[in-house]
Amino acid sequence: MLLPALLSLLTVTVHSVDLPLLLLVPYPQHVSLLSSSSALIDPLTFTFSATSSSVLLKEVFDRYHKYLKLHDFVQKLNVTLPNLEVVIKDPNEELLLMTSENYTLTIQTNSAILQADTVFGAMRGLETFSQLVSTNNYSLPTLHIEDYPRYKFRGFMLDTSRHYLSVGVLKQLIRAASWSKLNVFHWHIVDDPSFPYCSVVYPDLCRKGAFSPHHVYSQSDVLEIILFSYKHGVIVLPELDTPGHTLSWGAALPGFLTHCPGHGNIGAPYGPVDPTNEAVYPVLKELFTEITNVFPGEFVHLGGDEVHYPCWKNNPNITAWMAAHNMTGNYDQLENYYETRLLNIVNSLNKNYIVWEEVFYHHVDITPQTIVHAWKPNWKTIFQDATAAGFRCILSAGWYISRIAYGEDWQNFYLVEPRSFNDTATPEQRALVLGGTVCMWGEHVDNSNILSRFWPRASAPAERLWAPEYLTDVKFMEPRIEAHRCMMVLRGYPAEPTLSRGHCHVEYTWATHH
């Protein structure tokens with residue numbers, strides 16, 4: 001239920017810090033109430049203004065104007081706040097992982113100003129302003145907010161291989177992610193079940209590897225997703241996971257996979273990429289050259305997890321090759337051989353990369369710029385070892401929201417802290433933890449249910465990645481995440497309830513949104 005504006009004047013003590021009960025997700029770094037007075041706005045006449053002529057900022061203004069007008073509104077005779085002034089310091093609109101998202105927001109009775117380093121910081125501040133409107137019925141508390149993300153890497157992963165997600169649904173998920181101030185879309189675009197990405201250099205990969213011609217992402221689809229993400233302050237990170245998880249590649253690339261009847265992946269007679277086949281590496285170079293040209297972000301995710309060694313062990317050609325190269329029986333060494341050659345290819349393309357934790361754990365010679373992505377329960381050991389070696393890390397262990405549990409399972413996600421891997425970790429090691437990624441694997445979701453399965457549960461780790469580290473009180477989060485859920489419902493999303501009982505002022509009705 002959306003709570004009345006008076007709640008924002010209450011304070012709650014959380015870990016010895018007095019915090020105003022503002023129904024915001026994620027909660028800002030610093031909030032000061034200025035007075036008991038309110039600033040009253042009329043959504044029909046309220047404006048955003050800026051000296052910047054940015055086309056991107058104008059689109060953001062248009063987006064948030066629409067959100068302001070969604071709420072029930074009773075005409076107020078004593079409107080005091082007609083405008084929000086937005087000031088952007090840096091006109092550069094390049095979106096990188098380290099791009100500043102800092103902003104300050106000051107609301108007085110008769111004036112309001114949002115100051116940000118970049119247009120992307122302005123986006124974050126406008127979301128905060130919009131949430132204040134959502135939860136205060138156009139009667140805003142007078143306050144000053146200084147805000148910035150605690151972690152630079154705040155990702156969400158979507159798997160479009162196990163079940164296809166339409167471009168429209170992907171855009172809905174990206175839009176909602178921006179409401180929780182997530183900034184990296186990790187697109188696990190292909191895997192064993194299907195290859196929906198339509199490559200220019202190898203078009204048969206999607207022709208023969210996708211579920212059907214209707215379950216693909218054309219080049220124009222991909223560019224549409226990249227541009228839409230950019231306009232919401234989200235970087236697109238593509239993942240092509242190899243040498244495992246590649247069954248869908250096989251039909252288009254004869255000889256690319258290891259033949260091992262009875263020992264293959266998901267019942268097939270094939271397993272991982274055959275690292276002993278020299279023809280594999282020119283294919284990888286051409287394909288990753290295309291990927292690095294299509295996706296403008298700084299990083300590509302190379303996967304490297306769950307390589308199925310029994311398949312390699314049962315291929316006589318691989319066994320003979322390993323014997324000839326003094327690797328007999330050492331499949332970690334064979335994987336290392338493959339990964340080293342792949343990484344050399346990607347390094348030649350001047351692209352930084354992210355790998356699943358196995359690549360680090362198996363002692364592959366990775367560059368100092370590599371980001372190690374931990375997903376297993378022993379993630380604290382991985383973080384300790386990787387940061388001690390000077391590598392940056394991101395976390396997904398504990399944030400597999402594709403795993404559901406009865407009750408309010410978002411609370412479990414809320415309590416995971418990426419920098420809690422070792423009490424004796426040095427400040428330099430802690431600084432190497434860049435953040436994390438919320439993962440939605442696709443075994444049991446598609447267009448029909450992913451929005452409600454994802455939101456608002458993903459908003460719990462989103463707050464962990466943005467808000468102050470001390471903010472771990474589930475009770476303080478409960479009214480805020482429920483209000484956030486109701487805001488999503490108001491904006492047309494079937495976000496599932498976060499509490500065992502309650503309601504929203506406006507309930508989601510399927511017919512209303514279709």
Side-chain angles (χ1 to χ4, degrees), residues 22 24-34 39 41 46-65 67-68 81-133 140-155 174-175 177-185 226-236 296-299 431 434-435 462-463 465-468:
L22 300 170
L24 301 174
V25 175
Y27 200 83
Q29 296 289 339
H30 305 286
V31 181
S32 302
L33 293 178
L34 300 180
I41 73 170
F46 189 83
T47 60
F48 300 118
S49 63
T51 54
S52 168
S53 58
S54 165
V55 174
L56 176 57
L57 184 61
K58 182 182 183 302
E59 288 192 32
V60 177
F61 282 172
D62 290 344
R63 189 158 73 232
Y64 280 96
H65 266 130
Y67 295 157
L68 290 184
L81 183 62
N83 172 264
L84 173 66
E85 180 185 359
V86 178
V87 177
I88 296 174
K89 299 175 184 177
D90 186 351
N92 185 352
E93 295 183 349
E94 184 179 18
L95 179 58
L96 302 171
L97 189 61
M98 294 301 165
T99 294
S100 173
E101 298 169 276
N102 301 7
Y103 69 91
T104 62
L105 174 64
T106 303
I107 300 175
Q108 308 268 17
T109 304
N110 302 108
S111 65
I113 184 169
L114 169 63
Q115 295 178 293
D117 292 338
T118 67
V119 66
F120 304 104
M123 286 184 195
R124 307 309 179 211
L126 285 165
E127 178 58 35
T128 297
F129 183 83
S130 181
Q131 289 185 25
L132 287 168
V133 172
L140 308 185
T142 54
L143 50 70
H144 178 72
I145 290 174
E146 295 183 16
D147 203 12
Y148 49 86
R150 189 159 62 93
Y151 289 104
K152 281 294 189 179
F153 195 110
R154 306 180 310 282
I174 292 162
R175 183 187 293 116
S178 74
W179 300 340
S180 290
K181 299 185 171 69
L182 295 173
N183 71 330
V184 178
F185 168 27
I226 291 170
L227 180 59
F228 185 86
S229 299
Y230 169 78
K231 291 179 177 181
H232 288 77
V234 174
I235 298 164
V236 180
E298 305 150 84
F299 301 93
L434 297 182
E463 167 147 309
L465 292 167
W466 181 285

Quiz item: Which class fits the ring pair His65 and Phe48: parallel under 30°, tilted 30 to 60°, perpendicular over 60°?
Solution: tilted

Self-check item: Closest contact, heavy atoms only, Leu95 versus Gly233
Solution: CD2-C, 3.7 Å

Quiz item: Who are the side-chain contact (heavy atoms from CB on, under 4.5 Å) partners of Pro468, not counting sequence neighbours?
Solution: Gln29, Tyr470, Leu471

Practice problem: Using modelled atom types only, decide if a donor and an acceptor are shared between the side chain of Lys152 and the backbone of Thr99 within a distance under 3.5 Å. | Solution: yes

Self-check item: Result of checking Arg124, Arg150, Glu463 against Pro26 for side-chain contact (heavy atoms from CB on, under 4.5 Å)
Solution: Glu463

Practice problem: Might you point out which heavy atoms bring Leu97 and Ile235 nearest each other, and give the distance in Å? | Solution: N-CD1, 3.6 Å

Practice problem: Can you see which heavy atom on Leu84 is nearest to which on Leu105, and at what distance? | Solution: CD1-CD1, 4.0 Å

Quiz item: Which heavy-atom pair separates Ile107 from Ala39 by the least distance, and what is that distance?
Solution: CG2-CB, 3.8 Å

Self-check item: Arg154 side-chain N/O to Trp466 backbone N/O, donor-acceptor pair under 3.5 Å
Solution: no

Quiz item: Going by atom types alone, do Asp90 and Thr118 pair a side-chain donor with an acceptor below 3.5 Å?
Solution: no

Quiz item: Are Asn183 and Tyr151 close enough, and set up right, to give a side chain to side chain contact (heavy atoms under 4.5 Å, CB included), and what steps lead you there?
Solution: CA-CA 10 Å; Asn183 71 330; Tyr151 289 104; over 6 Å; no

Quiz item: Any side-chain heavy atom of Arg63 sitting closer than 4.5 Å to one from Met123?
Solution: yes

Self-check item: Intermediate values then yes/no, side chain to side chain contact (heavy atoms under 4.5 Å, CB included), Leu22 and Gln131
Solution: CA-CA 9 Å; Leu22 300 170; Gln131 289 185 25; over 6 Å; no

Quiz item: Closest heavy-atom contact between Gly125 and Leu114?
Solution: CA-CD1, 3.8 Å

Practice problem: Evaluate the side-chain proximity of Leu126 to Phe61: yes if any heavy-atom separation is below 4.5 Å, no if none is. | Solution: yes

Quiz item: Between Val25 and Trp179, is any pair of side-chain heavy atoms under 4.5 Å apart?
Solution: no

Practice problem: Take Leu132 and Leu24, measure what side chain to side chain contact (heavy atoms under 4.5 Å, CB included) needs, and give me the verdict at the end. | Solution: CA-CA 7 Å; Leu132 287 168; Leu24 301 174; 3.9 Å; yes

Quiz item: With sequence neighbours excluded, what pairs up with Glu146 under the side-chain contact (heavy atoms from CB on, under 4.5 Å) test?
Solution: His30, Thr104, His144

Quiz item: Given Tyr230 and Ile226, is the side chain to side chain contact (heavy atoms under 4.5 Å, CB included) satisfied, shown in steps?
Solution: CA-CA 6 Å; Tyr230 169 78; Ile226 291 170; 5.6 Å; no

Quiz item: What closest approach, in Å, do Asp117 and Ser100 show between heavy atoms, and which atom pair accounts for it?
Solution: OD2-OG, 2.7 Å

Exercise. Could you list all the ring pair (Phe, Tyr, Trp, His ring centres under 6.0 Å) pairs where at least one residue sits in residues 83-105, not counting sequence neighbours?
Key: none

Quiz item: Can you find a heavy atom in the side chain of Leu56 that is under 4.5 Å from one in the side chain of Phe120?
Solution: yes

